[in-house]
S.K.: 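Got a structure here, written out as structure tokens. Questions coming.
Throughout, numbering of the chain's residues begins at 1 and tracks the sequence.
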Amino acid sequence: MIKPADLMQIAIESCREGVSCGQSPFGCAIAIGDKIVARAHNTVVLSTDITAHAEVNAIREACKATGDIFLSGAMVATTCEPCPMCMAALHWARVDTVYYGATIADAASAGFNELSLSASELLQAGGSRVRLQGEVRTDECRQLFAEWLENDDRRSY
């Protein structure tokens, strides 16, 4: 089984790849057992698709890789706490556990137009069985926002 911190490192690397291509600072990786089935970064600006968040891109990739719409048994690492859209998609994909580093508040502080509804509140209100765990490589994930903010050509949404 892959350790959450190791999976998060892959998400961090994906995030950095995206930032180097002019994308916003979000990355995600998905594993089932010992196998990485997806890794993705945010492509909202590149694809002109407001739904192209790292988690949604990774879910799409993982579903193609597994040939299934359900990702039962999946462990997800995302560099930032999932927004409501992404958390709902992770729920619908039936992943087991989502680990995150930075928080929605960190994203808002970096200039992103976040809804003030935490992933845990959404899961609780919806009765989801997805497990959620924060504080995985938090400092490294917050640093991604700081690095991104140094870019004069950055674009938040």
S.K.: Where do L122 and M87 come nearest, in terms of heavy atoms and distance?
M.R.: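 Shortest heavy-atom separation between L122 and M87 comes out as CD2-CB, 3.7 Å.
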
S.K.: Using side-chain heavy atoms (C-beta onward) and a distance below 4.5 Å, is H53 in contact with C83?
M.R.: yes

S.K.: For the atom pair SG (C28) and OH (Y100), what is the distance rounded to the nearest 0.5 Å?
M.R.: 14.5 Å

S.K.: Could you tell me whether E147 atom CD has more than 12 heavy atoms of other residues or ligands within 6.0 Å of it?
M.R.: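 Atom CD in E147 is crowded, with more than 12 foreign heavy atoms closer than 6.0 Å.
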
S.K.: Taking G101's backbone N and O only, do any of them form a donor-acceptor pair with R137's side chain (distance below 3.5 Å, no angle check)?
M.R.: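 Side chain of R137 to backbone of G101, a donor-acceptor pair under 3.5 Å: no, none is there.
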
S.K.: Over all heavy atoms of both residues, which pair between A77 and A11 is shortest? Give the atoms and the distance, please.
M.R.: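 Minimum heavy-atom contact is O-CB, 3.6 Å.
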
S.K.: Strictly distance-based, threshold 3.5 Å: is any side-chain N or O of E81 a donor or acceptor partner for the main-chain N or O of G134?
M.R.: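 No; judged by distance alone, with no hydrogens or angles, the pair does not exist.
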
S.K.: Where is the tightest heavy-atom contact between A38 and A62, given as atom of each residue plus distance?
M.R.: CB-N, 3.6 Å

S.K.: Would you check if the side chain of S118 reaches a backbone N or O of E121 as a donor-acceptor pair within less than 3.5 Å?
M.R.: yes

S.K.: Looking only at heavy atoms, what is the nearest atom pair of P82 and V98, with distance?
M.R.: CG-CG1, 4.0 Å

S.K.: With rounding to the nearest 0.5 Å, note down the distance linking OG1 in T78 to CD1 in I30.
M.R.: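 Interatomic distance, T78 OG1 to I30 CD1, rounded to 0.5 Å: 9.0 Å.
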
S.K.: If you count the non-hydrogen atoms of other residues, nucleotides and ligands that lie under 6.0 Å from CZ in R60, is the total more than 12?
M.R.: yes

S.K.: Where is the tightest heavy-atom contact between P25 and C15, given as atom of each residue plus distance?
M.R.: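 Scanning both residues completely, I find the closest heavy atoms to be C-SG, 3.3 Å.
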
S.K.: Please round to the nearest 0.5 Å and tell me the distance separating atom OG of S128 and atom CH2 of W92.
M.R.: 10.5 Å

S.K.: Examine distances only and state if a side-chain atom of T79 and a backbone atom of G27 form a donor-acceptor pair shorter than 3.5 Å.
M.R.: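 A pair under 3.5 Å: yes.
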
S.K.: Please round to the nearest 0.5 Å and tell me the distance separating atom OG of S120 and atom CG of L132.
M.R.: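 Here the rounded value is 6.0 Å.
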
S.K.: Looking only at heavy atoms, what is the nearest atom pair of C80 and I104, with distance?
M.R.: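 What the structure gives for the nearest pair is SG-N, 4.3 Å.
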
S.K.: Distance from H91 atom NE2 to C86 atom SG, nearest 0.5 Å?
M.R.: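 Spacing of NE2 (H91) from SG (C86) equals 14.5 Å.
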
S.K.: Report yes or no: do V19 and L46 belong to one cluster of Ile/Leu/Val/Met/Phe/Trp/Tyr joined by side chain heavy-atom distances under 4.5 Å?
M.R.: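 Not linked; separate clusters.
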
S.K.: Roughly how far, to the nearest 0.5 Å, is CH2 of W148 from CZ of R16?
M.R.: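 Result: 15.5 Å between the selected atoms.
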
S.K.: Got a sec, which hydrophobics cluster with Y99, joining ILVMFWY side chains under 4.5 Å apart, including via others?
M.R.: M1, I2, L7, M8, I10, I12, I36, M75, V136, L144

S.K.: Please determine, by modelled atom types, if T103 and D106 share a side-chain donor-acceptor pair under 3.5 angstrom.
M.R.: yes

S.K.: Run the side-chain contact (heavy atoms from CB on, under 4.5 Å) test on L90 and V76 for me, step by step, so that the C-alpha distance in whole Å, both residues' side-chain angles and the decisive distance to 0.1 Å come before the verdict.
M.R.: CA-CA 9 Å; L90 291 160; V76 177; 4.0 Å; yes

S.K.: Could you tell me if E135 and T138 have a donor-acceptor pair between their side chains, going purely by distance under 3.5 Å?
M.R.: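 No - no donor-acceptor pair under 3.5 Å links their side chains.
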
S.K.: Hey, any chance V130 and V56 share a hydrophobic cluster, counting ILVMFWY side chains that come within less than 4.5 Å of each other, even indirectly?
M.R.: no

S.K.: Given side-chain contact (heavy atoms from CB on, under 4.5 Å), test F112 with S24 step by step and report yes or no.
M.R.: CA-CA 10 Å; F112 289 89; S24 51; 3.7 Å; yes

S.K.: Is there a donor-acceptor contact under 3.5 Å from the side chain of E61 to the main chain of R39?
M.R.: yes

S.K.: Evaluate side-chain contact (heavy atoms from CB on, under 4.5 Å) for T66 paired with I32, printing each intermediate quantity in order.
M.R.: CA-CA 10 Å; T66 62; I32 298 176; 4.0 Å; yes

